[in-house]
A.B. asks: 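Would you mind keeping the following structure in view while I ask a few things?
Values below: every heavy atom of this structure, side chains too, minus hydrogens, waters and symmetry copies. Not measured: the values here are computed from a predicted model. Lettering follows sequence order; numbering is per chain, from 1.
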2 protein chains.
Amino acid sequence: MTSEPVAFTLIAMNEGLIRREAVSDQLFALLRDRILGGELPAGAALTAERGLAAEFGVNRHAVREAVKRLQQARLVEVSHGGRTLVLDWRHTAGLDLAMGIAAADAGPTVEDLARDALEMRACIGADAARLCTIRCSEDTAGEIVEAAGRYARTGPDLTELADADVAWWRLIVEGSGNVAYLLAFNSLVGGTLPVADVPDDLRAAELLDVEAHQRLAAHIAAREAEAAERLARELLSRSVPATPRKAVR
Amino acid sequence: MTSEPVAFTLIAMNEGLIRREAVSDQLFALLRDRILGGELPAGAALTAERGLAAEFGVNRHAVREAVKRLQQARLVEVSHGGRTLVLDWRHTAGLDLAMGIAAADAGPTVEDLARDALEMRACIGADAARLCTIRCSEDTAGEIVEAAGRYARTGPDLTELADADVAWWRLIVEGSGNVAYLLAFNSLVGGTLPVADVPDDLRAAELLDVEAHQRLAAHIAAREAEAAERLARELLSRSVPATPRKAVR
DNA sequence: GCAGAAAAACTGGTCCAACCAGTTGACCAG
DNA sequence: CTGGTCAACTGGTTGGACCAGTTTTTCTGC
């Protein structure tokens, strides 16, 4: 890493009245973005902990917490006594990192990422609906139908509707009995950005179609797996922007 | 948390000739498993950092690193000055946590989880093949065909074949242009358990079918999206155990 | 001159002790 | 009972020291 005069200072303790962020969190975010942005290329060695501490004027313990998180995110590989190496996030990073990628300069934009997340949501959701139809208990099926009924009586506010929609889908994903789907679902809805930058008209086409929600619930209760899957895919695909994307790689 | 005499001691420094594990890593794993196993139920307060440090006879910084990782995994919620609360992992934890769930007593078993991961792999892989067919560049399509050719010449060793298979699928997932798929793919193959406990005969049915790999590559190169998706799904589904699962929830 | 061993100079890992900065809750005045 | 104050928590941060590995350099001894 170059040793040019450091222009980065972590946010001061009291930045007006804004909530202060822990230094290790700031440092983690900063290093993460540098890695995702390509400033710290794969294979390169991260500056030593003592060096980073000096560079940012913080204690080494704070640096260690940040690096430990980078390690957990599989962005770096640390070895006792040796150097800490930057990994190729495209090969190692997991889905939980999705929310952080947008900050990268060279990487995908927020729009691309939102679209990717929605695409994945449709894919997982459709299969979850299918599996739920096949595997869930009668009680769960009943709950899903009930929840669809409540959904129909949910206020016209889009935000409120979106929350209810997530809760309803959670029932289906849980009913699929697939823990991997459930965790991926959490990653997708838990990320701050995924649903943030979707055009309202697309989102509304999905959320406002109460009748489709009830129909899907009915398919699940009636154990019509194929119909449930098809409807779920169609419903979830409405929010996916149809932007043709440039060829990759 | 009860204050009964502590029966847990972290692995001593030199456990024979075994590689020692960092204290914070051990502590993280221990707390994670307690949370996933239900010993620390959602909503409960985690023992204070000083308390944990005393309980396990380690320094508070080690505890902090472990807790920080729990926080990143969205297993706990920490608030400055307040208590650290245990979250409901079924609602918050992300896909990266999958590899840790098996340790839970009450949770899904390793077999269930492996099956779930394979199911998800099939779902994502099929859609990735479809998108790759639609979106990837000619160069990428060529690479995939080439790689399939190389795959045909890969040694009969199943482990070696499995590695080549992962590398080949990575090309397809990258070609799909969907970063979320790529990260989920990393989570699935990066986890230690996912493919570990799959019956060899099932796995072999997928890996040894070299001809299907080449056919799929050909579909992608010929831009036959529907055929590619169908073949991919069929191929990836072979490794999924057909065990009927008990109803969930 | 050069391979190989010793040693110095790194690296990350752990600990102690103190203090700052928020939150909680008990306690006391009204 | 109400409301505010303050002590006793909680997590957040700092400094310095030392242990435990790795890497690089240096100095041997042939």
Side-chain angles (χ1 to χ4, degrees), chain A residues 1 3 9-31 40 43-72 74-87, chain B residues 1 3 9-31 40 43-72 74-87:
Chain A
M1 189 181 282
S3 58
T9 48
L10 304 183
I11 308 295
M13 285 290 176
N14 286 319
E15 183 79 8
L17 298 168
I18 312 293
R19 176 170 218 75
R20 44 175 292 189
E21 200 181 358
V23 288
S24 71
D25 290 349
Q26 298 180 54
L27 200 50
F28 167 72
L30 187 143
L31 292 174
L40 294 172
L46 202 66
T47 308
E49 292 175 358
R50 290 169 176 84
L52 287 173
E55 182 177 355
F56 294 103
V58 300
N59 190 276
R60 193 176 148 217
H61 292 297
V63 175
R64 281 187 57 76
E65 285 178 16
V67 172
K68 203 73 184 170
R69 290 178 62 185
L70 291 176
Q71 182 185 15
Q72 182 176 350
R74 276 172 293 174
L75 292 178
V76 301
E77 183 182 32
V78 331
S79 63
H80 188 171
R83 308 186 196 297
T84 296
L85 296 173
V86 176
L87 298 176
Chain B
M1 189 180 284
S3 59
T9 47
L10 302 183
I11 309 295
M13 285 291 177
N14 286 318
E15 183 79 8
L17 297 167
I18 312 292
R19 176 171 218 72
R20 43 176 291 191
E21 198 181 0
V23 177
S24 70
D25 290 348
Q26 298 180 54
L27 200 51
F28 168 72
L30 187 142
L31 293 174
L40 293 172
L46 203 65
T47 308
E49 292 175 358
R50 291 168 176 83
L52 288 173
E55 181 177 357
F56 294 103
V58 300
N59 190 274
R60 193 175 149 216
H61 289 297
V63 175
R64 279 186 59 76
E65 285 177 14
V67 172
K68 204 71 184 171
R69 289 177 61 184
L70 291 176
Q71 182 185 15
Q72 181 176 351
R74 277 172 293 174
L75 293 178
V76 301
E77 182 181 33
V78 335
S79 63
H80 188 171
R83 308 186 197 294
T84 296
L85 296 173
V86 177
L87 298 176

A.B. asks: Any side-chain heavy-atom pair from B:L31 and B:L52 closer than 4.5 angstrom?
C.D. replies: yes

A.B. asks: Could you check whether any side-chain heavy atom of A:E65 comes within less than 4.5 Å of a side-chain heavy atom of A:K68, counting everything from C-beta outward?
C.D. replies: no

A.B. asks: Counting side-chain heavy atoms from CB outward, which of C:dG13, D:dT14, D:dG11 is closest to A:V23?
C.D. replies: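 Nearest to the side chain of A:V23 among the choices is D:dT14.
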
A.B. asks: Take the protein atom CG of B:L85 and the nucleotide atom C1' of D:dT10, then report the distance between them rounded to whole Å.
C.D. replies: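 To the nearest whole Å, that distance equals 12 Å.
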
A.B. asks: Answer yes or no: does a side-chain N or O of B:T84 lie under 4.0 Å from OP1 or OP2 of D:dG11?
C.D. replies: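 Checking D:dG11 against B:T84, a side-chain N or O does come within under 4.0 Å of OP1 or OP2.
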
A.B. asks: To the nearest angstrom, how far is A:E49 atom CD from D:dT14 atom P?
C.D. replies: 15 Å

A.B. asks: Distance from B:R69 atom CZ to A:Q72 atom CD, nearest 0.5 Å?
C.D. replies: 4.5 Å

A.B. asks: Can you name the nearest heavy-atom pair linking A:L46 to A:L40, along with the distance?
C.D. replies: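 Distance-wise, the nearest heavy atoms are CD1-CD1, 3.7 Å.
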
A.B. asks: Can you tell me whether the side chain of B:H80 and the base of C:dG22 have a donor-acceptor pair closer than 3.5 Å?
C.D. replies: no

A.B. asks: Out of curiosity, A:L70 CG to A:T84 OG1, how far, rounded to the nearest 0.5 Å?
C.D. replies: 9.5 Å

A.B. asks: State which residues pass side-chain hydrogen bond (donor to acceptor under 3.5 Å, both in side chains) with A:E49; sequence neighbours excluded, sorted by chain then number.
C.D. replies: A:R60, A:R64

A.B. asks: Protein-nucleotides 15-17 of chain D N/O pairs closer than 3.5 Å?
C.D. replies:
from   : atom 1 : to    : atom 2 : distance (Å)
D:dG15 : N7     : A:N59 : ND2    : 3.0
D:dG15 : O6     : A:H61 : NE2    : 2.7
D:dG16 : O6     : A:H61 : NE2    : 3.1

A.B. asks: Tell me: CD of B:E65 to P of D:dT13, nearest whole Å?
C.D. replies: 13 Å

A.B. asks: A:A62 and A:V23: which non-hydrogen atoms are nearest, and at how many Å?
C.D. replies: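 Between these two residues, the closest heavy atoms are CB-CG2, 3.7 Å.
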
A.B. asks: Take the protein atom CZ of A:R64 and the nucleotide atom C1' of D:dT14, then report the distance between them rounded to whole Å.
C.D. replies: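 In whole Å, D:dT14 C1' and A:R64 CZ are 15 Å from each other.
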
A.B. asks: Without decimals, in angstroms, what is the distance between A:L52 CG and C:dG13 C1'?
C.D. replies: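 Nearest whole value for this atom pair: 16 Å.
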
A.B. asks: I'd like a list of close polar pairs between nucleotides 24-27 of chain C and the protein, N/O only, cut-off under 3.5 Å.
C.D. replies:
from   : atom 1 : to    : atom 2 : distance (Å)
C:dG25 : OP1    : B:R83 : NH2    : 3.4

A.B. asks: If you measure from OG on A:S24 to CG on A:N59, what distance do you get to the nearest 0.5 Å?
C.D. replies: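 If I round to the nearest 0.5 Å, the distance is 11.5 Å.
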
A.B. asks: Could you check how far CG of A:D25 sits from P of D:dG12, rounded to whole Å?
C.D. replies: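 My rounded result for the distance is 8 Å.
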
A.B. asks: Could you tell me the separation between the CZ atom of B:F56 and the P atom of C:dT14, rounded to a whole number of Å?
C.D. replies: 15 Å

A.B. asks: Is there a donor-acceptor pair under 3.5 Å between the side chain of B:Q26 and the backbone N or O of B:E21?
C.D. replies: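 Yes, B:Q26 side chain to B:E21 backbone: donor-acceptor pair under 3.5 Å.
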
